[in-house]
Structure formats: C-alpha cells, structure tokens
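Quick notes on the structure that follows.
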Amino acid sequence: MEKIIMYPADNEKDALDWKTVQGQHITAVRRNILVLGSGGREHALAWKLAQGEGAHIFIAPGNAGTAQVGTNVNLKLSDFEAVKDFCLKQEINLVVVGPEQPLVDGIVDFFKNDEALKTIKIIGPDKRGAQLEGSKAFAKDFMEKYGVPTAKCLKVNKDNLDEGYKFLESVKAPYVLKADGLAAGKGVLILNDLQEAKDELAKMLNGKFGAASSTVVIEEFLKGIEVSVFVLTDGEHYVLLPEAKDYKRIDDGDTGLNTGGMGAVSPVPFCTPDFLNRVEERIVKPTLKGLKAEGIDYKGFIFLGLMNDGGNPYVIEYNVRMGDPETEAVMTRIEGDFADLLFACADGRLNEVHYAKSDKTAVTVMMVSGGYPEAYEKGKKMSGLEGLKDVVAFHAGTAFNTDNEVVTSGGRVIAVTAHGSSIEEARTKAYREVEKIHFEGVNYRHDIGLDLMQLQ
Ligand code: AMP
Ligand code: GLY
C-alpha cells in the first residue's frame, strides 16, 4: 500500500503518526527546511537534515559544502524581511537558526509576530530567551535566581569600578573578565596578574569591546575539565543530544591563542551516566524551570558550557545555539531523522519522539587558514576533497571562485569527522584523511582527543 502525504499536512499529528507507523510506504513527504548560517555547524546541520525523509534543504547564505546537500540562498541574516520573502516564496516549513546573532536580534519574535509567518516553525529562542547568551549579566542573574551552579561573580560598570577592583583583590589568580554582550567570541579575558586584570577591566569599561563591554562580569576562576552539553527543549520537555569536548586553543597541548574551536570529540569519556544525571538534575531542570517562571517560551537548543570539577558540573556559559565545531561531531552520532525531532520540538511534543545516539566515537579535526585566529588570507585553492574515505568533511570557511573551484574564505576552513569504536581509531582515520587535503598555509592541531584517550 502506498500513501502520499504532504507533511506538514492539515492534520499534522495524523500525518506524523502515519509516517512513524508505516514510514516505508510513504512516497512523498516534503519538508522544506531553511538553515540560517554559513559555517561548519550549518553544513553539519544541513547534512544531517538532508538525510531525512522528503527533506529539501536551503542554506542561507551557506558555503561550498552546504551546496552539496542543499541549495544555497544569498540572504543576509540581518535582513529579516528578505528571510521572510524567501520563506513564503519557497513554502518553507521549518527554519533552523545556526548562529546566535539573529536570535539575539529577535528573528524568532519577528516570525511569531508576523501573521504571514505564523505557520512556519522556527527553532531557537525569542529575544528574551536569547539573553542567556546575549548578556552574561542576565545569565548570571538567572543562574543565581534559579540555583544553577556557576562561578561567583560581580557585575561592574563605570559606576562601581572601585568595587570591581576590590573584588579582584579578594579572589585568587587567574582573573576572569567577561564582556556582558556579544563580542564575536573574544570578550573573555583570563589574566594571571592582578594589576593587568585591573587595567584590562578599566579598558573594557572604556570600550575595548565597544558597547558589549560597558558592563563587565568578573568571575571566580573555575577548575576542572570543560565539556559542552547540548539540550533540545520545547519549553516543557527536553532531550540531551550527544555531548562533546571542544579544543579552543590554536596550538597543540592547549597552548596559544583562543579560537572558535579546533576540534571536537563525542562522546566524552568523563561524561558518565552519573555525571550527566547531575547535569540534568542540577542544571537542565532548574534552567527550564527558570525559563518557564520568567515566562520565556523557549523552543530550541541550549548549549551548556560546563566545567566538571571532580564530578560536579558548573555552568561557564549558556549559548542559545549549537556549538561549532561540536556540531560537526554531534550530528554524526544522532540516529534517525533529525527533522522529526525538530518538528516535534516546534510543536511542543518532544516527549513523543524516539531518539537514539550512535555509540561510536566521533573525532573532528578543524583545518584552518595560516595565521588564524589573527589575520589570514582567503581565496586559497583547495585540493584533495574528492575521494576522501570513511570521513565526512564539513565545510566551514569555503566558497566557489569565479571558475567554480573551491577556495578558502574564512579562518576555520574545513572540519573532518571520522567515527571509530574508540577515540584512537577515530583519530587515526580523521588524521589519515586530513593529510590528503591541501591549501596554502593550512594549519591544524595534531592532538585532538589525545588527552581523552587515557580516560576511555
Ligand atoms: P566563554 O565565552 O564564557 O565560554 O569563555 C571562554 C572560555 O574561557 C571558556 O571556554 C573557558 O575556557 C574560559 N572560562 C570562562 N569562564 C571561566 C571561569 N569562570 N573559570 C575558568 N575558565 C573560564
Ligand atoms: N565551540 C564553542 C562555541 O561554539 O561557542
């Protein structure tokens, strides 16, 4: 028996039930999905969603890699009207917002408040919810109010600078200074010297990161190992997506400048069921309770940047989106149709869908442009991308030149993900293929996952 259902249908619930029970008989489910963003995270999201039934993926603006799994659309993410026009013209059913900026700027509010867009589902928090990432001061107040474990802190502006100096004198080095607002991932300073910390605090308040640092959060330094835990919530229910460890420094051995992330491993050996249970009880549940109590309708991802101190989790930061490069590892470990999970999230019925994770280990190695995270050149021709074996190469900063060749177009260029039954096996495969990819100035870390191997 065959049945043709266009999903979402008039009666969405029946359509989905039918699909779940009799999935193999449905021949024409069509889901038009728009992924907003242009990095490795968005390629990984689009890659995963494209494997779903009836999925037609559009990526705005996308990159040379997303063009392999869907259609790139030249839209500016700050131009909500243009996004709207495209969604209506293309009959988009679901919008997945990759980066934080459009969320902080209110793209979800824009969709919710526009009559013509009301039937289009969108994954991400509204402007108020996005403050969990958009304002560190808001996030700290929220955690204090709802009892979420985090580092002690003081919020400082020009009016209480002296109090800020006193706070710095009262804590031990290293000193952690955070710009309140979004500062392109650069707004956190960690300093060993007290005088330097005081000087930097003054500089930040005087506009070092523009308006983003007119308020600064000074935090106590947390000890431990970091891990990224990803929650997908519909406001009422949630699922924990696979967790991952990110490698933030540019050089081997966690040295050198901070970057957006040089690699990832998932799962993380120290994230035992017991640790994850503590994360759920002490962090996820109070966070969702707090969002509800504040009247924030949150349908989307919550990325918990955690410190594991002797088995106890503390929140370093909330992000309101998936991580990059964590997503390039995480998406490869999600089984089944990810769109089912996202539609269920948007409909508030995450409790009804079954979701499974692969027990394989994913290792992701990020290949970057020479000079990154400082100045680097773009437009370098890339070779070796064809014929890679047993890995997925997610494009981060790539584009087509006028001859339709793939060239570099960003600091982080390509993320190579391999699976194995151990970190060692996945690492070996990932690095074997990384060595086949060439562009002038290429750089990458050689030690992704090494620190975790002894824990596995
Ligand atoms: P954030 O942008 O808040 O994630 O901070 C960037 C990085 O700084 C984090 O990934 C941590 O490595 C580090 N960091 C931030 N806050 C703290 C803290 N309170 N204690 C120790 N390390 C921190
Ligand atoms: N990899 C860290 C982040 O996406 O913020």
Side-chain angles (χ1 to χ4, degrees), residues 37 39-42 44-45 97-101 103-104 132-140 143 148-155 167-168 171-192 197 204 209 212-213 216-230 241 243-250 254-266 268 301-309 312-331 364-366 368 373 394 396 411-412 415 445 448:
R41 168 182 51 213
E42 287 75 22
L45 287 166
V97 186
E100 63 279 11
Q101 192 71 54
L103 296 167
V104 172
L132 281 183
E133 177 166 1
S135 165
K136 305 245 188 222
F138 175 91
K140 294 300 281 193
M143 286 187 263
V148 177
T150 186
K152 277 207 204 86
C153 77
L154 180 77
K155 282 144 248 150
F167 185 85
L168 285 171
V171 295
K172 288 200 200 102
Y175 306 96
V176 182
L177 305 178
K178 299 185 172 183
D180 174 47
L182 294 182
K186 299 199 170 86
V188 176
L189 301 182
I190 300 185
L191 305 156
N192 283 313
M204 285 171 87
F209 298 109
S213 63
V216 173
V217 176
I218 310 179
E219 267 187 25
E220 229 174 26
F221 186 80
L222 293 168
K223 293 187 298 292
I225 318 185
E226 283 185 65
V227 59
S228 306
V229 171
F230 300 98
L241 301 176
E243 78 283 355
K245 184 171 189 293
D246 179 16
Y247 291 76
K248 289 208 165 82
R249 302 295 192 94
I250 185 74
D254 279 330
T255 56
L257 294 172
N258 250 324
T259 70
M262 296 294 289
V265 175
S266 175
V268 179
F301 301 106
I302 305 178
F303 161 175
L304 303 169
L306 300 180
M307 193 66 93
N308 172 2
D309 182 5
N312 294 310
Y314 293 84
V315 174
I316 300 172
E317 62 166 352
Y318 287 115
N319 293 307
V320 297
R321 47 158 178 98
M322 290 296 289
D324 195 348
E326 291 96 323
T327 307
E328 291 93 303
V330 165
M331 282 301 131
T364 301
V365 178
M366 183 65 81
V368 305
F394 294 114
R412 294 194 289 174
R445 272 180 67 159
I448 303 302

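This is a predicted model, so every value here is computed, not measured. The first residue in the sequence is number 1, and the count goes up from there. Read the numbers this way: they start at 1 and go in the same order the structure lists the ligands and their atoms.
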What atoms of ligand 2 come closer than 4.0 angstrom to any heavy atom of G323?
-> 4 (O)
Could you tell me which atoms of ligand 2, counted from 1 in the order shown, lie closer than 4.0 angstrom to a heavy atom of E326?
-> 1 (N), 2 (C)
Could you tell me whether R41 approaches ligand 2 through its side chain, its backbone, both or neither, with non-hydrogen atoms closer than 4.0 Å?
-> neither
Residue part near ligand 2, for R321, under 4.0 Å between non-hydrogen atoms = side chain
Please report which non-hydrogen protein atom sits nearest to [atom], along with the residue it belongs to and the distance in Å to one decimal place.
| atom | value |
| --- | --- |
| atom 10 (O) of ligand 1 | E226 OE1, 2.8 Å |
| atom 1 (P) of ligand 1 | E317 OE1, 3.3 Å |
| atom 19 (N) of ligand 1 | E219 OE1, 2.7 Å |
| atom 20 (N) of ligand 1 | L222 N, 2.7 Å |
| atom 22 (N) of ligand 1 | F221 CE1, 3.8 Å |
| atom 5 (O) of ligand 1 | V188 CG2, 3.4 Å |
| atom 2 (C) of ligand 2 | D246 OD2, 3.4 Å |

Using a strict 4.0 Å cut-off to heavy atoms of [X], name the atoms of ligand 1 that fall inside it.
| X | value |
| --- | --- |
| I190 | 8 (O), 13 (C), 14 (N), 22 (N), 23 (C) |
| K248 | 10 (O) |
| K178 | 3 (O), 15 (C), 16 (N) |
| K136 | 1 (P), 2 (O), 3 (O) |
| I316 | 14 (N), 15 (C), 16 (N), 17 (C) |

Backbone or side chain, does any N or O of M307 fall under 3.5 Å from an N or O of ligand 1?
-> no
Would you say S266's side chain and E243's backbone share a donor-acceptor pair under 3.5 angstrom?
-> yes
Examine distances only and state if a side-chain atom of R249 and a backbone atom of G256 form a donor-acceptor pair shorter than 3.5 Å.
-> yes
Show the numbers, then the answer: is there a salt bridge (charged side-chain N to carboxylate O under 4.0 Å, His left out) between E317 and K178?
-> CA-CA 11 Å; E317 62 166 352; K178 299 185 172 183; over 6 Å; no
Hey, is E220 one of the residues with a heavy atom under 4.0 angstrom from ligand 1?
-> yes
Protein non-hydrogen atom below 4.0 angstrom of atom 7 (C) of ligand 1 present = no
Is it true that D180 and K140 have a side-chain N and a carboxylate O under 4.0 angstrom from each other?
-> no
Side chain to side chain donor-acceptor pair (under 3.5 Å) evaluation trace for E328 with T364 | CA-CA 7 Å; E328 291 93 303; T364 301; over 6 Å; no
Judging by distance only, is a nitrogen or oxygen of K248 under 3.5 angstrom from one on ligand 2?
-> no
Has A264 got any heavy atom lying under 4.0 angstrom from an atom of ligand 2?
-> no
Should the pair K223 and F221 be classed as cation-pi, given the thresholds of under 6.0 Å to the six-membered ring centre and 45° from the axis?
-> no
Looking only at non-hydrogen atoms, find the nearest pair between D324 and R412 and report the distance.
-> O-NH1, 3.0 Å
